[in-house]
Visitor: 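Below is one structure. I have some questions about it.
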Amino acid sequence: MSIADDEAEKTYPTRHWEGTHLKEQFYCDTDDLQEAYLRGRNAPPADAEIEAVAKRLCWDSCEWDGVDSYAAKDEDDAWNYAGEIPGFHEGYIRRAKEMLEIARKAVSE
């Protein structure tokens, strides 16, 4: 199950008609659907999204930050290897949040 699916299930758990395996259904209008879309679009990024961006930034720039790119075989490996440098993860997490915020502003303006 994806992170988004897991969050959706926790927020809106599947409900069944009492005593059956039939899922409850509800009806909504387009205003409800648009509001739900906007709430999702404007929601802050999940920690997993932030970390994924931070790992990619780390992987893309590891040579510039003193991490030997030859010592890391992929993003996760570079992230783990770079974690030995004090404050390294925090800097990339901060940059990832900034980049995601810039992207969110661009689509909402």
Side-chain angles (χ1 to χ4, degrees):
M1 181 178 289
S2 74
I3 292 169
D5 288 336
D6 189 43
E7 289 175 350
E9 181 63 29
K10 286 178 183 173
T11 304
Y12 302 104
T14 302
R15 295 176 13 179
H16 295 88
W17 292 106
E18 191 172 328
T20 72
H21 293 289
L22 300 173
K23 291 182 181 178
E24 289 185 13
Q25 294 183 1
F26 67 94
Y27 297 95
C28 59
D29 61 27
T30 54
D31 288 342
D32 296 328
L33 296 173
Q34 289 172 4
E35 181 182 337
Y37 174 84
L38 289 171
R39 277 195 321 232
R41 178 48 118 164
N42 294 322
D47 290 342
E49 290 175 293
I50 294 167
E51 187 172 309
V53 172
K55 284 180 178 182
R56 183 52 174 230
L57 289 170
C58 173
W59 177 247
D60 286 346
S61 65
C62 59
E63 286 183 359
W64 301 107
D65 288 327
V67 177
D68 181 6
S69 62
Y70 298 107
K73 64 182 184 298
D74 59 21
E75 288 178 9
D76 288 329
D77 197 33
W79 185 251
N80 293 335
Y81 181 78
E84 297 173 12
I85 301 169
F88 194 87
H89 283 175
E90 292 80 7
Y92 274 99
I93 294 290
R94 183 180 36 75
R95 286 188 231 167
K97 287 179 181 179
E98 290 170 1
M99 290 183 73
L100 288 166
E101 183 64 29
I102 290 166
R104 295 282 171 117
K105 284 182 180 177
V107 298
S108 64
E109 291 178 346

Visitor: Please give me the minimum heavy-atom distance between His16 and His21, naming the atom from each residue.
Guide: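 Heavy atoms only, the tightest pair is CD2-O, 3.3 Å.
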Visitor: Check whether any side-chain heavy atom of Arg56 sits under 4.5 Å from a side-chain heavy atom of Asp60, and report yes or no.
Guide: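 Yes - at least one pair of side-chain heavy atoms lies under 4.5 Å apart.
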Visitor: What's the spacing between Leu57 CG and Glu75 CD if we round to 0.5 Å?
Guide: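 Leu57 atom CG to Glu75 atom CD measures 9.5 Å (nearest 0.5 Å).
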Visitor: Report the relative orientation of the aromatic rings in His89 and Trp79; use parallel for angles under 30°, tilted for 30 to 60°, perpendicular for over 60°.
Guide: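 Aromatic pair His89/Trp79 classed parallel.
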Visitor: CZ/Phe88 to OH/Tyr81 distance, rounded to the nearest 0.5 angstrom?
Guide: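 One finds 10.5 Å between CZ of Phe88 and OH of Tyr81.
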Visitor: Got a sec, which hydrophobics cluster with Leu33, joining ILVMFWY side chains under 4.5 Å apart, including via others?
Guide: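 Taking Ile, Leu, Val, Met, Phe, Trp and Tyr as members, Leu33 stands alone, with no cluster partners.
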Visitor: Is the number of heavy atoms from other residues, nucleotides or ligands within 6.0 Å of CG (Asp74) greater than 12?
Guide: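 Atom CG in Asp74 is packed in, count exceeds 12.
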Visitor: Hey, is CD on Glu18 packed in by over 12 heavy atoms from elsewhere, all under 6.0 Å?
Guide: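 Atom CD in Glu18 is not packed in, count stays at 12 or less.
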Visitor: Are Lys97 and Glu101 ion-paired here, with the side-chain N under 4.0 Å from a carboxylate O?
Guide: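 No, this pair does not count.
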Visitor: Look up atom CG in Asn42 and atom OH in Tyr37, then write down how far apart they are to the nearest 0.5 Å.
Guide: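 Asn42 atom CG to Tyr37 atom OH measures 9.0 Å (nearest 0.5 Å).
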Visitor: Output the distance between atom CD (Gln25) and atom CH2 (Trp17), rounded to the nearest 0.5 Å.
Guide: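 Rounded to the nearest 0.5 Å, the CD-CH2 separation comes to 8.5 Å.
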Visitor: Of Glu24, Lys23, Glu9, which meets side-chain hydrogen bond (donor to acceptor under 3.5 Å, both in side chains) against Thr14?
Guide: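 The residue from Glu24, Lys23, Glu9 that satisfies side-chain hydrogen bond (donor to acceptor under 3.5 Å, both in side chains) with Thr14 turns out to be Glu9.
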Visitor: I need the minimum non-hydrogen distance between Pro13 and Lys10, along with the two atoms involved.
Guide: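 In terms of heavy atoms, the two residues are closest at CD-O, 3.9 Å.
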Visitor: How close do Val53 and Ala96 get, heavy atom to heavy atom, and via which atoms?
Guide: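 So the two residues come closest at CG1-CB, 3.6 Å.
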Visitor: Starting at CG of Asn80, measure out to NZ of Lys55 and round the result to the nearest 0.5 Å.
Guide: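 The CG atom of Asn80 sits 7.0 Å away from the NZ atom of Lys55.
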